[in-house]
Amino acid sequence: MISVKLPDGSVRELAPGATAMDLAEQIGPGLAKAAVAARVNDKLVDLSRTLSDGDEVAILTKKDEDALDILRHSAAHLMADAILRVFPKAELTIGPVVEDGFYYDIYLPEGKITPEDFPAIEKEMDQIAKEAAPFKRCVSDGHDEIFARYKAIDGGNNKFKSELIAGIQERGEEMSFYRHGDFIDLCRGPHVPHTGFLKNVKLTKVSGSYWRGKAENDQLVRVYGTAFFTKEELKDYLHMMEEAKKRDHRVLGEKLDLFTFTEDAPGFPFFHPNGALLFNLLMSYMRSLLSRRGYQEVKTPLILSEELWHRSGHYDNYLENMFFTKLKLRDEQDRTKVREDAPEERPMAVKPMNCPGHCMLYKSHQHSHNQFPLRYAEMGLVHRRELSGVRHGLFRVQAFTQDDAHHFCTPDQIESEISMLIDFFTEVYSAFDLNDVRIELSTRPEKSIGSDEMWEKAESALKRALDNKGINYVLNEGDGAFYGPKIDFHIRDVLKRSWQCGTIQLDFSMPERFGLTYIGADGQRHTPVMLHRACYGSLERFLGIIIENYAGSFPLWLAPVQVEVIPVSEKFADYARRVTERLLDEGVRVHVNLSDDRVGYKIREASLKRIPYAIVVGEKEQSAGTISVRSRDGQEQSDLTIEAFLGQIDLNPPRRKPAPIAAEE
RNA sequence: GCCCUCAUAGCUCAGUAGGUAGAGCGCGUCCUUGGUAAGGACGAGGUCACCAGUUCAAAUCUGGUUGAGGGCUCCA
């Protein structure tokens with residue numbers, strides 16, 4: 001007999017050669033039925049895996065997070081099988097699990113796969129799922145029957161898989177295959193017990209990709225799908241996708257008349273009055289928090305000499321993303337001609353970042369450690385050239401406004417600065433009902449400036465700050481800015497999509513490059529530490545995020561129009577005007593609709609524009625000096641005085657309650 | 001930048017085996033003066049993204065450019 005340990009600490013006796021499935025059966029028939037895979041000594045394995053004496057075993061059911069990944073990985077096999085049936089010429093490459101599903105990259109020597117092919121593929125998949133064919137793990141040495149069978153699966157000449165196999169053999173790893181029915185694929189596993197688990201699978205989209213992600217390699221077709229354990233979960237997911245489409249900020253931006261783009265300025269948004277209002281609200285909310293946090297707002301130029309960008313390191317590391325100005329002159333002999341090659345004594349460049357400007361500002365005075373930490377903030381408009389294929393609504397533009405700031409401080413102030421910022425940023429996000437914040441730490445990238453020692457110092461300072469605050473974070477090796485490591489804030493919206501907003505970047509390089517100094521307590525000159533930070537990140541992107549997060553139904557303090565006043569007929573236009581003016585005097589963003597339409601139509605219009613309140617006035621209200629209020633969710637209140645209405649609503653952004661001052665003796 | 005797809009009125013879209021365009025919404029005028037998600041009539045609006053080519057004839061076919069959408073890569 002062998003004995004294994006369960007997660008609750010209990011020990012079970014099993015016959016030698018028993019599998020994880022045997023264990024599940026021994027524990028109970030319910031568990032055996034629900035079992036998907038097992039975790040043995042912290043490794044995910046198939047239920048069919050035999051257990052050894054002393055193993056620590058957990059049986060995974062659909063409730064375990066890892067189980068869903070296993071299901072989806074199995075679904076990728078199912079899809080690959082189906083695709084080979086529909087497209088016999090296809091060659092498989094890799095098929096991993098991704099955040100909300102899976103994909104398989106496929107090489108097609110001819111033809112293509114489009115969403116029109118999905119029904120045919122899904123039909124095959126349903127068929128295979130119905131067969132409930134068991135997933136069988138096989139290990140091969142590369143010369144046996146299993147291998148031969150595998151080679152035959154997609155034509156026998158799959159160079160992509162051959163490359164993968166060569167890699168496995170080179171590393172001396174075990175080569176495992178998984179088989180269901182006649183289909184067999186190179187795979188590490190584990191998988192669900194049989195294809196019967198894969199009844200709630202749906203293909204979602206198809207796109208192009210490259211072998212190993214490199215553009216110079218073969219072009220592949222990437223077919224995406226998703227899978228769930230239950231029909232309900234799949235339905236909810238598909239519903240969520242629909243919802244996301246409806247919330248698309250590019251669509252809402254047009255419907256709510258917030259912003260547009262034109263072909264003459266690709267990637268540069270034009271904010272309409274309502275959009276500009278929202279943009280300014282974001283800005284003024286941020287400004288209202290700055291002075292409390294010890295910031296001083298500054299303003300620095302958009303265009304600075306090219307030479308400055310050489311000094312900062314941007315020219316060497318960021319050139320492709322920068323816009324440069326170019327001098328043009330009329331030809332002296334022929335005024336109709338323009339010289340494109342006019343020599344410039346001082347070529348200029350448009351700023352892609354605000355930091356060099358703030359360094360110049362810093363240099364305009366002498367500084368002492370007694371002033372530290374010094375915090376300069378700027379709503380800085382920066383321009384960055386983007387590859388044409390990456391522009392995307394407000395999420396990725398070529399000119400954007402950063403709620404930027406730079407802290408100048410001594411090395412031992414770093415930790416408290418970061419601690420302050422984490423609290424600050426999370427407070428801001430929660431004001432927009434974004435409470436799911438994930439923090440990532442990114443370290444030195446390949447292209448970077450500064451010594452190893454500097455990077456080591458900076459990275460460990462950030463780690464220390466996070467650890468001491470007890471923050472959980474994800475580590476992204478090699479993902480830092482070229483001048484320093486960074487902490488990024490990733491936020492999940494109501495649809496669980498993740499967005500990068502805030503960033504805190506530590507920089508020991510730029511202060512040195514610009515010769516920044518301060519006088520320390522010892523009376524000597526020292527180089528300050530510089531901390532770059534932005535909370536929204538880009539106001540444009542953040543605006544896009546909250547448009548989607550709120551689906552255009554902004555909370556009252558953010559709604560471009562807060563109240564629409566609707567007279568029942570032309571006879572009450574004057575009264576409607578008086579109500580409107582009164583609300584205007586109270587600081588309400590109010591619009592009166594005096595057009596020649598019926599009440600129902602105007603209500604509908606206000607509601608499509610997601611205006612929080614519609615105030616309807618007619619005979620009744622006019623004679624009583626009251627209003628009727630209909631809120632965005634359809635609730636109606638009649639015979640309300642304006643004072644009573646004003647008493648019900650809060651026009652201000654959410655505010656953190658200040659701590660009371662206790663009396664001290 | 002790379003791959004795939006697309007571009008017709010302000011918006012959403014229809015159309016043509018190649019013979020220079022149509023709907024709904026919106027907009028304007030008029031009728032209607034109304035009580036909580038669409039009252040009615042009439043009207044104005046388009047070099048069919050741009051540039052070439054094929055053709056007697058191109059919005060339609062071909063090539064290119066630009067922009068947009070979905071991905072890859074990159075990123076705030």
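Chain naming here is simple, since letters A, B, ... match the order of the sequence lines and numbering starts at 1 in each.
- For the C1' atoms, the distance linking B/C13 with B/C48 amounts to 13 Å, nearest Å.
- As judged by a 4.0 angstrom heavy-atom cut-off over every strand, A/Tyr224 is placed among residues touching the sugar-phosphate backbone only.
- Relative to the side chain of A/Val599, the nucleotides B/G39, B/C72, B/G35 differ in distance, and B/G35 lies closest.
- Note on A/Glu570: a base of the nucleic acid sits closer than 4.0 angstrom, heavy atoms only.
- Distances from the side chain of A/Arg396 to the nucleotides B/G35, B/U33, B/A76 place B/A76 closest.
- Using a 4.0 Å heavy-atom criterion, one finds that A/Thr503 contacts no nucleic acid atom at all.
- Relative ring orientation between A/Phe271 and A/Phe279 is described as tilted, the plane-to-plane angle lying within the 30° to 60° band.
- Residue A/Gly389 is classed as a base contact, given a heavy-atom separation below 4.0 Å to a base.
- A/Arg541 contributes no side-chain N or O that forms a donor-acceptor pair with the base of B/A76 under 3.5 Å.
- Classification of the A/Tyr483-A/His314 ring pair by plane angle, with boundaries at 30° and 60°, yields tilted.
- Under the 30°/60° scheme for interplanar angles, the aromatic rings of A/Phe324 and A/Tyr315 are found to stand perpendicular.
- Residue A/Arg384 has its side chain nearest to B/C75 when only B/U12, B/G34, B/C75 are considered.
- In this structure, A/Arg72 is not positioned above the aromatic face of A/Phe102 in the sense of NZ or CZ being under 6.0 Å from the six-membered ring centre and within 45° of the axis.
- Comparing B/G69, B/U73, B/G35 by their closest approach to the side chain of A/Arg250 singles out B/G69.
- Smallest separation of non-hydrogen atoms from A/Leu252 and A/Gly552: CD1-N, 3.8 Å.
- Taking syn as a glycosidic angle within 90° of 0, B/G69 does not qualify and is anti.
- Between the side chain of A/Glu621 and the base of B/G35, a donor-acceptor pair under 3.5 Å is found.
- For the pair A/Arg533 and A/Leu421, the tightest heavy-atom approach, listed with the atom from each and the gap, is CD-CD2, 3.5 Å.
- Relative to the side chain of A/Asp596, the nucleotides B/A37, B/U12, B/C31 differ in distance, and B/C31 lies closest.
- Within 4.0 Å of A/Lys486, counting heavy atoms only, lie sugar-phosphate atoms of the nucleic acid but no base atom.
- Annotated stems with RNA chain B as a participant read B:1-7 with B:66-72, B:10-13 with B:22-25, B:27-31 with B:39-43, B:49-53 with B:61-65, given as range with range, by first number; only runs of 3 or more Watson-Crick or G-U pairs under 3.5 Å qualify.
- Among B/A38, B/U73, B/A76, the nucleotide with an atom closest to any side-chain atom of A/Leu387 is B/U73.
- For A/Arg598, the listed nucleotide lying nearest its side chain is B/G34; candidates were B/U36, B/G34, B/G67.
- Within the 4.0 angstrom heavy-atom criterion, base atoms lie near A/Glu619.
- Nucleic acid contact class of A/Lys602 (heavy atoms, under 4.0 Å, all strands): none.
- Considering only the side chain of A/Tyr601, B/G39 comes nearest among B/G39, B/U32, B/A76.
- A/Val382 comes within 4.0 angstrom of no nucleic acid atom, judged by non-hydrogen atoms across all strands.
- Checking B/G35, B/G70, B/U33 against the side-chain heavy atoms of A/Lys571 singles out B/U33 as nearest.
- Contacts of A/Arg630 with the nucleic acid, taken as non-hydrogen atoms under 4.0 Å apart, include base atoms.
- Contact between the side-chain N/O atoms of A/Ser388 and the OP1/OP2 oxygens of B/G1 is found at a separation under 4.0 Å.
- Within the 4.0 angstrom heavy-atom criterion, no nucleotide atom of any strand lies near A/Glu540.
- Within 6.0 Å of NZ on A/Lys202 lie no more than 12 heavy atoms contributed by other residues, nucleotides or ligands.
- Proximity note for A/Val616 (side chain, C-beta onward) versus B/G35, B/A76, B/C72: the nearest is B/G35.
- Aromatic ring orientation, A/Trp499 versus A/Phe395: tilted (interplanar angle from 30° to 60°).
- Ring-plane geometry between A/Phe432 and A/Tyr536 is classed as perpendicular, the angle between the planes exceeding 60 degrees on a 0 to 90 degree scale with a lower cut at 30.
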